[in-house]
Amino acid sequence: QVQLVESGGGLVQVGGSLTLSCAASGRTFSTYAMGWFRQAPGKEREFVAACNLSGGSTSYADSVKGRFTMSRDNARNTVFLQMNSLKPEDTAVYYCAARGTTYYFRSYVYTRSVEYDYWGQGTQVTVSS
């Protein structure tokens, strides 16, 4: 079991930067693969970024590749999403997600919503033009 709380959302201008944080409870954070998803009004939740247990392997949606960077600090039970060169289409509620896994699957990265077990409540990111 893990509880996730996102923070860092807010209003930012086009081209600006913002860093989201996801704080996780529990002492088994390092056994969870992590992901970031977002949902804009009237749209389905979409994949943004994901990383494996160590954070050494990451995957990004084409729409954010080169602009967003995901990282994790297992010692602090926190995952981050550094967002640069923000665009109006990045406006959405951003969700942190966790998938419990085992050491055997330590290298796996998950990019589908249905692959995740736990979700935070989300944090709003608004990019103004």
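All values below come from the heavy atoms of this structure, side chains included, with hydrogens, waters and symmetry mates left out. Start at 1 with the first residue, then count along the sequence.
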Heavy-atom nearest pair, Ala24 first then Phe29, reads CB-CD1, 3.4 Å
Table please: side-chain donor-acceptor pairs of residues 13-21 below 3.5 Å, with sequence neighbours left out.
| residue | atom | partner | partner atom | Å |
| --- | --- | --- | --- | --- |
| Ser17 | OG | Asn84 | OD1 | 2.9 |
| Thr19 | OG1 | Gln82 | OE1 | 2.3 |
| Thr19 | OG1 | Gln82 | NE2 | 3.4 |

Nearest heavy-atom contact between Trp119 and Ser113 is CZ2-O, 3.5 Å
Counting distance only, does the side-chain N/O of Asp117 pair as donor-acceptor with the main-chain N or O of Gly100 below 3.5 Å?
yes
Before you tell me yes or no, could you show the steps for Leu53 and Tyr103 under side chain to side chain contact (heavy atoms under 4.5 Å, CB included), namely the whole-Å CA-CA distance, both residues' side-chain angles and the distance that decides it to 0.1 Å?
CA-CA 8 Å; Leu53 299 189; Tyr103 183 74; 5.6 Å; no
So which heavy atom on Thr28 is nearest to which on Tyr32, and how close?
O-CD1, 3.1 Å
Can Tyr110 and Phe105 be said to form a side chain to side chain contact (heavy atoms under 4.5 Å, CB included), step by step?
CA-CA 11 Å; Tyr110 305 91; Phe105 298 101; 4.0 Å; yes
Under 4.5 Å between any side-chain heavy atoms of Leu11 and Ser128, yes or no?
yes
Can you check whether Gln121 reaches Leu4 side chain to side chain, under 4.5 Å on heavy atoms?
no
State, with a plain yes or no, whether a side-chain heavy atom of Tyr108 is found less than 4.5 Å away from one of Arg99.
no
Are the side chains of Phe80 and Thr69 in contact, using a 4.5 Å heavy-atom criterion?
no
What do the steps show when you test Gln39 against Tyr94 for side chain to side chain contact (heavy atoms under 4.5 Å, CB included), and what is the final call?
CA-CA 7 Å; Gln39 187 167 23; Tyr94 283 71; over 6 Å; no
Minimal heavy-atom distance between Ala50 and Tyr116, with the atoms involved, is CB-OH, 3.5 Å
Hey, is the main chain of Asn74 close enough, under 3.5 Å, to the side chain of Ser30 for a donor-acceptor pair?
no
Has Thr91 got a side-chain atom pairing as donor or acceptor with Val127's backbone, closer than 3.5 angstrom?
yes
Could you give me the CA-CA distance, side-chain angles and deciding distance for Gln1 and Tyr118, then say whether side chain to side chain contact (heavy atoms under 4.5 Å, CB included) is met?
CA-CA 8 Å; Gln1 293 260 344; Tyr118 306 98; 4.1 Å; yes
Do Met34 and Val93 share a hydrophobic cluster, counting only Ile, Leu, Val, Met, Phe, Trp and Tyr and linking them when any side-chain heavy atoms are less than 4.5 Å apart?
no
Could you report the tightest heavy-atom contact between Asn52 and Ser107, atom names first, then the distance?
ND2-CA, 3.7 Å
Residue pairs meeting disulfide bond (SG atoms under 2.5 Å apart), one or both in residues 75-129, sequence neighbours left out, come to Cys22-Cys96
Contact check, side chains of Val48 and Leu81, non-hydrogen atoms, under 4.5 Å
yes
Over 12 foreign heavy atoms within 6.0 Å of CD, Glu46
yes
Within 45° of the ring axis of Tyr95 and under 6.0 Å from its six-membered ring centre, is that where the NZ or CZ of Arg38 lies?
no
Taking Arg72's backbone N and O only, do any of them form a donor-acceptor pair with Arg76's side chain (distance below 3.5 Å, no angle check)?
no
Residues Asp90 and Lys87 bridged, charged N to O under 4.0 Å
no
Common cluster, Val109/Phe68, ILVMFWY with side-chain heavy-atom separation under 4.5 Å:
no
Phe47 to Phe37 - nearest heavy-atom pair and separation
CA-CD2, 3.4 Å
